[in-house]
*Asks:* 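First the structure, then my questions, so here it is.
All of these numbers come straight from a predicted model, not from anything done at the bench. Numbered from 1 within each chain, the chains take letters A, B, ... in sequence-line order.
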Amino acid sequence: MLREDGVMPTGTTLSALLTVSGGDAASACRGFFRQVHAHAVRLGLCSNAFVGSALVRAYQRCGDADAMFGVFEEIDEPDVVCWNVMIDACARSRRAWRAVEMLSRMCRGGGVADRFTLVSILKACSRGHDLGLGMQLHAWAWKIGSESETATCNALITMYLKCGGGVHSAANVFDGISEPNIISWTAMIAGLVQNGLAMEAAGFYKHMVRVGEKENDFCLTSVLSAFSNLASLEHGKMVHCRAVKSGFCFDTILGNAILDMYFKCGSSADAQFVFGAMQAHDVVSWTAMVVGYGRHGEARKAVECFRAMVDGGFKPDSITFLAVLSACSRGGIVDEGLNIFRCMAEDHGIKPDREHCACLVHLLGHAGRLNEAETLIRKMELQLDSFAWESLLSACGIHGEVELGKRSAGKVMELEPWKDGPYVLLSNMCAEQCQWREKETLRGRLDYSNVRKDAALSWFPVSEAN
DNA sequence: ATAGGGTTAG
């Protein structure tokens with residue numbers, strides 16, 4: 001409209017345009033942001049601090065890091081707000097340490113960091129798991145007198161709980177907040193769950209409800225992960241009810257957490273119901289369904305779900321593929337699994353990593369297609385990793401394939417000589433095939449090398465990973 | 001006129 005009337009937009013107009021069209025689907029706004037950027041270039045407004053910082057924020061929101069750094073460098077004299085916007089954008093990006101680099105550039109240039117800068121650097125610190133830096137930042141908070149300020153404390157709590165600084169330090173910060181808000185409570189609950197303290201997190205939530213703090217969708221998502229970890233269907237259902245009552249249940253992220261909770265608490269029917277009732281799905285929703293069915297041994301349903309997802313135009317990512325492959329592997333659906341593995345690179349452009357390959361080796365191995373499994377490992381150049389070879393070795397044990405078993409065991413011994421597994425598995429295989437002399441040789445090698453078979457403890461809980 | 005804290009999938 002402005003352009004049609006012959007009126008020239010100013011910097012104010014442009015920065016307003018960039019901030020108005022924000023919200024959730026910022027990646028869809030990329031084209032629009034570029035148009036505004038082009039106008040700014042034409043009008044010579046890129047050096048303007050307001051336009052520049054709005055452009056940085058816009059490109060950060062749609063995930064275009066290159067453009068983000070590009071527009072920042074065009075700003076003439078970045079003020080503290082420009083630096084803060086840029087530092088925060090870095091902290092949210094995949095390369096969080098860039099935030100710290102930016103901070104030092106800012107200080108070298110004579111800029112003075114403030115409490116907004118501090119919060120962003122804390123965020124970067126949490127993502128980088130740097131407790132040492134985090135504690136220095138805590139000291140800095142005291143220095144500038146924001147040690148009991150809510151936003152600063154919230155960021156400090158997250159930092160302590162994500163960087164392994166101990167629950168006690170986080171709780172201390174929480175107790176020192178003059179006015180804790182819902183974010184403070186959520187930071188504690190989420191952090192406790194992440195530290196394996198789901199019971200404490202649940203207790204914290206109860207306490208929060210008792211003091212009358214009003215929960216929101218973010219908070220309920222964290223609470224759900226606590227009850228999922230506790231496999232407490234009853235409490236999970238209660239949270240689901242609260243989400244429905246408060247109208248939060250239309251949120252996709254919360255819906256994902258609810259259906260995940262139902263799977264983890266053993267009710268795939270409820271999970272399916274929630275999935276059906278959700279207003280919108282994303283990749284996470286679909287992946288959670290595939291994962292859930294797979295865990296419940298419903299491999300067919302997992303595959304159907306995967307197919308429906310692709311047909312519906314959703315783009316599966318590497319986690320989705322791992323989920324569907326592992327469902328096939330557990331359910332013994334060999335050819336379907338092979339097909340999906342093939343289309344992963346060919347149709348979806350996702351390069352299989354070691355876990356995908358290990359999954360497929362397991363799938364082929366257990367179906368007795370041992371040579372195909374060996375070919376796969378060699379083709380994928382996974383020699384540097386013994387994981388796939390171990391999987392093949394155990395399949396050889398099941399199918400009595402001594403020769404291939406020896407080759408696989410040899411690979412494991414070569415790559416990770418400290419492991420006792422291959423010696424034990426192989427010697428048992430030789431015993432079953434009555435190759436007694438080989439068995440004794442192997443046992444002898446086990447004794448001479450530094451490898452010792454761990455003593456078996458019949459009462460010791462065996463973890464799934466072994 | 002531009003800025004802050006918390007969330008989901010193996």
*Asks:* Is a salt bridge present between A/E147 and A/R115, judged by a nitrogen-to-oxygen distance below 4.0 Å?
*Replies:* no
*Asks:* With respect to the phosphate group of B/dG4, does any side-chain polar atom (N or O) of A/R92 fall under 4.0 Å of OP1 or OP2?
*Replies:* yes
*Asks:* Could you tell me whether A/N84 contacts a base, only the sugar-phosphate backbone, or nothing, with contacts defined as non-hydrogen atoms closer than 4.0 Å?
*Replies:* base
*Asks:* With no angle test and no hydrogens, is the base of B/dG6 tied to the side chain of A/N216 by a donor-acceptor pair under 3.5 Å?
*Replies:*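 Counting by modelled atom types and ignoring angles, a donor-acceptor contact under 3.5 Å is found here.
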*Asks:* Can you measure A/H281 atom NE2 to B/dA9 atom P for me and round it to whole angstrom units?
*Replies:* 16 Å
*Asks:* Just to be sure I understand the rule, does A/S222 reach a base, reach only the sugar-phosphate, or reach nothing, if contact means heavy atoms closer than 4.0 Å?
*Replies:*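 Touches sugar-phosphate only.
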*Asks:* What is the distance, rounded to the nearest whole Å, between atom CG of A/L259 and atom C1' of B/dT7?
*Replies:*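 Checked: the CG to C1' distance equals 14 Å.
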*Asks:* From the options B/dG6, B/dT7, B/dA9, select the nucleotide whose nearest atom is closest to the side chain of A/V291.
*Replies:* B/dA9
*Asks:* Under 5.5 Å between ring centres and under 30° between planes: does that hold for A/W185 against the base of B/dG6?
*Replies:*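 Stacking is absent between B/dG6 and A/W185, given that the ring centres and planes do not meet under 5.5 Å and under 30°.
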*Asks:* Let's see if you can work this out: which of B/dG4, B/dT2, B/dT7 has an atom nearest to the side-chain heavy atoms of A/V81?
*Replies:*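 Minimum distance to the A/V81 side chain belongs to B/dT2.
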*Asks:* As a test of reading the structure: which of B/dG4, B/dG6, B/dA1 is closest to the side chain of A/I182, going by heavy atoms?
*Replies:* B/dG6
*Asks:* For A/R57 and B/dG4, is the shortest distance between a side-chain N/O and OP1 or OP2 below 4.0 Å?
*Replies:*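 Answer yes for this pair, as a side-chain N or O of A/R57 is under 4.0 Å from OP1 or OP2.
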*Asks:* Could you tell me how far apart A/F314 (CZ) and B/dT8 (P) are, to the nearest whole angstrom?
*Replies:*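 The distance from CZ of A/F314 to P of B/dT8 comes to 20 Å, rounded to the nearest Å.
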*Asks:* Given the structure, check if the side chain of A/E215 and the base of B/dG6 hold any donor-acceptor pair shorter than 3.5 Å.
*Replies:* no
*Asks:* Out of B/dG6, B/dT8, B/dG4, which has the shortest distance to the side chain of A/T186?
*Replies:* B/dG6
*Asks:* Side chain of A/A187 only, heavy atoms from C-beta on: which candidate in B/dG4, B/dG6, B/dA9 is closest?
*Replies:*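 Among B/dG4, B/dG6, B/dA9, the one nearest the side chain of A/A187 is B/dG6.
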*Asks:* Kindly indicate whether the side chain of A/C219, heavy atoms from C-beta on, has any atom under 4.5 Å from the side chain of A/M208.
*Replies:* yes
*Asks:* At 4.0 Å (heavy atoms only), tell me whether A/T150 reaches a base, stays on the sugar-phosphate, or touches nothing.
*Replies:* base
*Asks:* With sugar-phosphate meaning primed atoms plus P, OP1 and OP2, does A/D317 contact a base, only sugar-phosphate, or nothing at under 4.0 Å between heavy atoms?
*Replies:*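 Contact class for A/D317: base.
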*Asks:* Provide, to the nearest angstrom, the distance between the CE atom belonging to A/M86 and the C1' atom belonging to B/dA3.
*Replies:*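 To the nearest whole Å, that distance equals 14 Å.
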*Asks:* Given atom CH2 of A/W286 and atom C1' of B/dG10, what is their separation to the nearest angstrom?
*Replies:*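 Result: 19 Å.
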*Asks:* Nearest whole Å is fine: how far is B/dT7 P from A/I189 CD1?
*Replies:*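 Distance check: A/I189 CD1 to B/dT7 P gives 11 Å.
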*Asks:* Can you tell me the distance, in whole Å, between the CE atom of A/M106 and the C1' atom of B/dA3?
*Replies:*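 Checked: the CE to C1' distance equals 12 Å.
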*Asks:* If you check every side-chain atom of A/I253, which of B/dG6, B/dA1, B/dT8 has the closest atom?
*Replies:* B/dT8
*Asks:* Taking only side-chain nitrogens and oxygens of A/K162, does any of them come within less than 4.0 Å of OP1 or OP2 of B/dG6?
*Replies:* no
*Asks:* With side chain to side chain contact (heavy atoms under 4.5 Å, CB included) as the test, pick out the partner of A/F174 among A/S169, A/C153, A/S184.
*Replies:* A/S184
*Asks:* Does the side chain of A/F275 reach to within under 4.5 Å of the side chain of A/W286, using non-hydrogen atoms?
*Replies:* yes
*Asks:* Distance to the ring centre below 6.0 angstrom and angle to the axis at most 45 degrees; does that hold for A/R210 and A/Y205?
*Replies:*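 Here A/R210 fails the 6.0 Å and 45° test against A/Y205.
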*Asks:* Is A/F218 stacked on the base of B/dG6 when the test is centres under 5.5 angstrom and planes under 30 degrees?
*Replies:* yes
*Asks:* In whole angstroms, how far is the C1' atom of B/dG6 from the CG atom of A/L161?
*Replies:* 12 Å
*Asks:* With heavy-atom distances below 4.5 Å as the criterion, would you say the side chains of A/C328 and A/V303 are in contact?
*Replies:*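 In contact.
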